[in-house]
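Structure record follows, encoded as structure tokens.
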Amino acid sequence: MVSIDLAELSVREANAQLRTLGEAGEEVEILNPDARHHIGVGLTAPINVNVQGSAGYFCAGLTDQARFQVSHNVGWGVGDNMYSGSVVVGGNAGAIPGVAIRGAEIVIKGNMGSRAGQVMKAGTLCCAGNANFMAGYMMYGGRIIILGDSGERVGEDMSSGEIFVAGSVQDLGSDAMLTDVDSKELQSVYEFLDRYGIKAPKGFSKIVNAGKKLRYGTPETPMRSIPFNTFSGDSTYWNPKIQEDITVKAQSGRYRIRGYGGARPLPHLSDIGFRKDLTQAGDDRDVVSKVRMATEIGGINGARPLKISMPVMIAPMSYGALSRSTKYAIAMGSAMAGIAENTGEGGMSDAQRDAAGQLIFQCLGGRLGWNIHDMRRADALEIYISQGAKPGLGGQLMAKKVTPELAEIRGIPSGIDLRSPSRHPDILGADDLVIKVEEFREATGYEVPVSVKLGAGRIRDDIKIAAKDGFDFVELDGMQGSTGAGSAEVIDNVGIPTLPAIIEAIEALEEIDARDNIQLVVMGGLRDGVDAVKALCLGADAVAFGTSVIVAGGCISCMQCHIGQCVTGIATQDPEHEKRYQPEVEASNIHRFLESVRWQIAAITRGLGYDDVASLNRDDLVALTREAADITGLPYEPPMAEAVQGQMGVSS
């Protein structure tokens, strides 16, 4: 047995040795762990690790095949997102033991903390003592065995799986119920306990999902779709859209769900303009070759950066919200343009990974499709906190789109109305977040950038936390950003528009002298290279396009995103609809659009007098409306027509 002494090595050094020893098939003991965080994170070999003492947060997290023995206690998140393998803890476990496991076996010989097995998908979590509150919270599958008392609200919002309790069932959570235990299930539980040397009790109570909240109770009445470009109607008051909303709510008794972004007028990049006369911009047909646009994102803390051909990326959009064919087309188009694609929340497919030149892998609170192997295939990692269309809320995917294939990738039951958690189980504040960032870095050997996606809400606070917690870059999503499904009231009325979001983010970083410590990627309703240049002038390091890319790839804005009836085959999982989509053709269309963006960026940059996009700055801009001037602090220079009206005493 090889000994690693944490009194002499850092956890980072110890984990590097563990990975090497695991490949060699060695057995390892960890001495003097002293409750250090991240012990054994990222192991993917069948290694035996014996921790002689107590471990901190995320012991054995993001692993596959490894087997751990911890002699004393563990902190939060033991076995986080573990696939196969096992962890046996001789003492007590902190909160969220077995969070998001996908097949592992976690055994706690003492008591375990709150929210045990949160969002777990498969495997077994066993506690020989008592559980704290909300064991099995939002679990999607697998088995929890509790030999002591259950704790309060056991099985809260579980979708599938089973919870066996030998002690007192203190309180059932929402949509959980007691049911009978059959002899085969009982025998399986006893065999598991015997294998780990745990004395079996006489019997168990069994808790399962009651099936009352897996789908919305009343579906929306099908309505003839209103294209997004006329979604607001002809007036701002009693227009057809408002009347339709009232009718549907009267029948369903709940809020409406739709895709796309805010449909009401909001301050945006079109409210600012360029100071110089650009009527001659682009006259030079070879302007692209005369402007330096190549950009590196994510290397600010020493990771291997994304190297993109222009300061443009693809915004996160998931397989699930979009069809497999669409994600494939976007990946191909992004590779042709030399920019980075983003998986969104739905996991990574082999086809997408193979097609995309550079790929960002996104992690949400539900840990859907998240795993160590794809983390290591990614070019960057992204922790999703929220998005511009629904800041502070989790994702939604309606039952029609949750097919068996998609459910298997995400690790959830098929055919349910999927509502992702609104927050990460292991991130309750800035201190937790920095520990999570370090876990991701440990798992990937500190080689790839770690970013955070923020929906524009409490921007000033959130952006400061992102900088202080050591993220390599932040993707800031304004209110005009779109979604595949969300509450219409939230989409139209919650959040901060993209224009003021940029301003507040830059001001916040300057307040703590951190502008050079983190890079800013702006998204949320950006339409073309003109918007991109304006965002770069305001201080963004790069921008990301979402809606404009799917429109370039064939979207007709028919507002059927959320129900999966997209006739173009884009926002659907219906094979009959999807077969209409031609990925190779649409990839070429997406590429041509991105090349038009490149040309616009080059032409405007050159027209402003620069040969490098890094030279763009606020002095190149003016505000075209009084509101935009107040938001941005730019000089107010209204368009000529408004200026003439003012001279004539006519109000606009």
Side-chain angles (χ1 to χ4, degrees), residues 216 219-234 239-249 251-252 255-265 314-330 333 344 346 387-390 395-403 406 417-418 480-492 524-528 545-583 585-587 589-590 593:
Y216 286 101
E220 287 188 15
T221 303
M223 308 293 287
R224 184 173 182 178
S225 61
I226 302 175
F228 188 72
N229 57 0
T230 58
F231 203 60
S232 300
D234 296 324
N239 60 57
K241 175 66 178 60
I242 297 296
Q243 295 175 43
E244 178 189 296
D245 275 351
I246 294 172
T247 301
V248 171
K249 289 173 186 174
Q251 295 168 351
S252 69
Y255 58 86
R256 295 196 73 183
I257 297 172
R258 69 169 177 85
Y260 264 73
R264 65 188 180 90
I314 304 296
M317 296 177 283
S318 74
Y319 167 48
L322 304 182
S323 67
R324 178 183 288 275
S325 298
T326 304
K327 288 298 291 180
Y328 182 46
I330 293 172
Q387 67 186 93
K390 44 190 177 187
Q396 292 173 292
L397 196 66
M398 307 309 285
K400 187 176 178 63
K401 298 175 85 169
V402 185
T403 61
L406 189 76
D417 284 328
L418 175 62
Q480 287 97 329
S482 291
T483 180
S487 162
E489 280 81 356
V490 171
I491 291 171
D492 277 330
L526 276 71
R527 300 159 298 184
D528 52 25
F545 291 100
T547 302
S548 56
V549 167
I550 62 170
V551 170
C555 172
I556 59 173
S557 309
C558 67
M559 304 305 293
Q560 301 298 299
C561 317
H562 62 298
I563 58 174
Q565 292 291 94
C566 173
V567 295
T568 63
I570 293 175
T572 183
Q573 301 304 320
D574 186 327
E576 291 301 310
H577 290 318
E578 186 177 354
K579 70 182 183 183
R580 301 187 182 109
Y581 197 79
Q582 298 177 281
V585 172
E586 299 302 348
N589 291 335
I590 290 168
F593 165 71

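Positions are given from 1, in the same order as the sequence printed here.
- For the atom pair SG (C555) and CD (E586), the distance works out to 10.5 Å, reported to the nearest 0.5 Å.
- Closest non-hydrogen pair, A329 versus A587, comes out as O-CB, 3.5 Å.
- The CG atom of D528 sits 6.5 Å away from atom CZ of F593, with the distance rounded to the nearest 0.5 Å.
- For A552 against N589, the heavy-atom pair with the smallest separation is O-CB, 3.4 Å.
- Listed for the R324 side chain is no donor-acceptor partner under 3.5 Å among the backbone atoms of Y319.
- Between K249 and Y255 the shortest side-chain heavy-atom distance does not fall below 4.5 Å.
- Within the 4.5 Å cutoff, the side chain of I556 has no heavy atoms near those of the I570 side chain.
- Panel note: side chain S482, backbone G261; a donor-acceptor pair is recorded below 3.5 Å.
- A donor-acceptor pair under 3.5 Å is formed between the side chain of K401 and the backbone N or O of A321.
- Judged by distance alone, the side chain of Q573 and the main-chain N or O of G564 form no donor-acceptor pair under 3.5 Å.
- More than 12 heavy atoms of other shown residues, nucleotides or ligands fall within 6.0 angstrom of atom CD in E578.
- Remark: side-chain polar atoms of K327 are paired, donor with acceptor, to backbone N or O of M317 under 3.5 angstrom.
- Among residues two or more places apart in sequence or in another chain, the side-chain contact (heavy atoms from CB on, under 4.5 Å) test is passed with I563 by Q560, Q565.
- Residue pairs meeting the salt bridge (charged side-chain N to carboxylate O under 4.0 Å, His left out) criterion with at least one member in residues 551-571: none, sequence neighbours excluded.
- To the nearest 0.5 Å, atom CD1 of residue I550 and atom SG of residue C561 are 6.5 Å apart.
- Within the 3.5 Å criterion, the main-chain N or O of D492 finds a donor-acceptor partner in the side chain of R264.
- Using a distance-only test at 3.5 Å, with no hydrogens or angles considered, no donor-acceptor pair links the side chain of T326 to the main chain of L322.
- Panel note: side chain H562, backbone G484; no donor-acceptor pair is recorded below 3.5 Å.
- Judged by distance alone, the side chain of T483 and the main-chain N or O of Y260 form no donor-acceptor pair under 3.5 Å.
- Atom CG in D574 sits 8.0 Å away from atom CZ in R580 (nearest 0.5 Å).
- Distance check: L397 CG to L406 CG gives 6.0 Å after rounding to the nearest 0.5 Å.
- Using a 4.0 Å cut-off between a side-chain N of Lys or Arg and a carboxylate O of Asp or Glu, E244 and R256 qualify as a salt bridge.
- The main-chain N or O of A488 is never found under 3.5 Å from a side-chain atom of K390 such that the two would form a donor-acceptor pair.
- The structure places OG of S487 at 7.5 Å from CD1 of I257, a figure rounded to the nearest 0.5 Å.
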